[in-house]
Amino acid sequence: QVHLVESGGGSVQAGGSLSLSCAISGNTASIYSIGWFRQAPGKPPGKEREGIAGIWRTSGGTDYADSVKGRFTISQDSAKKTVYLQMNSLKPEDTAVYYCAAILGLHGGRWNQPSSYAFWGQGTQVTVSS
C-alpha cells in the first residue's frame with residue numbers, strides 16, 4: 001500500500017511555469033512506476049483522465065504524451081520519496097486537475113491508462129489563463 005499527495009498547483013498565465021510534487025509514503029519499494037494524469041471538464045466518456053507522463057522507479061525511464069512532450073518533465077527523488085512534474089510553456093488547454101498515481105509490483109500495464117493504476121492522490125488544480 002502507498003499513499004500519494006499532490007501539491008504545487010495554482011493559477012498561472014499562458015507561457016508560465018509550475019512545478020507539481022507527488023509525495024509518496026508507505027511501501028515505496030513496491031512501486032513499479034508513477035504516472036501523472038490530468039482531468040479537464042467536458043471530456044467525452046473514456047477520455048476523462050489523460051495520462052501525460054510516466055516514470056519507472058528502478059530504471060528512471062520516462063515517457064510522455066505528445067500533448068506535453070518538450071514542455072513537461074517528470075523526475076523523481078528517491079531519497080525524498082517524491083516525484084515531480086515540471087511544467088513549462090503552459091497553455092490554457094493545460095487547465096485541469098492533475099493527479100499522480102502508482103503501479104505496484106514487478107510489472108505494470110500501459111503507463112498512460114488509468115486502469116493500470118491502483119493508488120491515486122487527491123489531485124491538485126492547475127489553471128492557465130490566456
Side-chain angles (χ1 to χ4, degrees):
Q1 295 272 353
V2 294
H3 184 59
L4 304 99
V5 178
E6 303 94 337
S7 61
S11 297
V12 65
Q13 289 192 326
S17 299
L18 281 174
S19 181
L20 304 183
S21 297
C22 175
I24 309 167
S25 58
N27 188 11
T28 56
S30 67
I31 292 173
Y32 174 74
S33 65
I34 297 290
W36 279 100
F37 290 78
R38 64 186 181 188
Q39 185 163 354
K43 293 292 185 181
K47 299 289 185 181
E48 297 93 343
R49 198 164 286 193
E50 176 191 12
I52 56 173
I55 188 165
W56 284 261
R57 184 181 65 86
T58 54
S59 71
T62 60
D63 204 358
Y64 299 90
D66 288 343
S67 58
V68 306
K69 198 171 291 183
R71 299 188 298 124
F72 291 11
T73 303
I74 188 172
S75 62
Q76 62 183 352
D77 184 329
S78 297
K80 294 182 178 180
K81 298 182 179 181
T82 302
V83 172
Y84 303 96
L85 185 68
Q86 177 65 41
M87 306 186 295
N88 298 327
S89 302
L90 283 161
K91 306 174 182 179
E93 52 263 42
D94 294 319
T95 295
V97 178
Y98 283 70
Y99 300 88
C100 60
I103 298 175
L104 305 190
L106 299 178
H107 58 82
R110 294 177 62 182
W111 73 267
N112 59 350
Q113 293 299 312
S115 59
S116 298
Y117 295 80
F119 299 91
W120 291 82
Q122 83 290 348
T124 186
Q125 176 71 45
V126 171
T127 302
V128 185
S129 58
S130 57

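We use all heavy atoms of the structure for the numbers below, so side chains are in, but hydrogens, waters and symmetry mates are not.
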Value rounded to 0.5 Å, distance of CZ in F119 from CD1 in I31:
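The CZ atom of F119 sits 9.5 Å away from the CD1 atom of I31.
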
List in chain and number order the residues that pass side-chain hydrogen bond (donor to acceptor under 3.5 Å, both in side chains) with [X], two or more places apart in sequence or in another chain; answer none if no residue qualifies.
X	result
S7	none
R57	none
Q76	none
E93	none

For F37, run the ring pair (Phe, Tyr, Trp, His ring centres under 6.0 Å) check against Y98, Y99, W120 and tell me which one passes.
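The passing option is W120.
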
Pairs involving residues 108-119, ordered by first then second residue, that meet side-chain hydrogen bond (donor to acceptor under 3.5 Å, both in side chains) (sequence neighbours left out):
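Output for this query lists D63-W111.
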
Taking the side chain as every heavy atom from C-beta outward, state whether I52 and L85 have any atom pair closer than 4.5 Å.
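They are in side-chain contact.
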
Under 4.5 Å between any side-chain heavy atoms of W36 and F72, yes or no?
no

Not counting sequence neighbours, which residues clear side-chain contact (heavy atoms from CB on, under 4.5 Å) with [X]? List them please.
X	value
Y32	W56, I103, H107
S75	Y84
S89	R71

Could you name each residue pair satisfying salt bridge (Lys or Arg N to Asp or Glu O under 4.0 Å) that touches [range], not counting sequence neighbours?
range	answer
residues 75-92	none
residues 23-38	R38-E50, R38-D94
residues 11-33	none

Over all atoms of both residues, closest heavy-atom pair of [X] and [Y]:
X	Y	value
I74	Y64	N-OH, 2.9 Å
L18	G10	CD1-O, 3.9 Å
T82	S21	CG2-CB, 4.1 Å
A14	S130	CB-CA, 4.3 Å

Joint hydrophobic cluster, L20 plus V2, side-chain heavy atoms closer than 4.5 Å:
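Linked within one cluster.
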
Enumerate, atom names and distances included, each donor-acceptor pair closer than 3.5 Å involving a side-chain atom of residues 121-129, sequence neighbours excluded.
{"from": "Q122", "atom 1": "NE2", "to": "E6", "atom 2": "O", "distance (Å)": "3.2"}
{"from": "T124", "atom 1": "OG1", "to": "G9", "atom 2": "N", "distance (Å)": "3.2"}
{"from": "Q125", "atom 1": "NE2", "to": "A96", "atom 2": "O", "distance (Å)": "3.4"}
{"from": "Q125", "atom 1": "NE2", "to": "T127", "atom 2": "OG1", "distance (Å)": "3.4"}

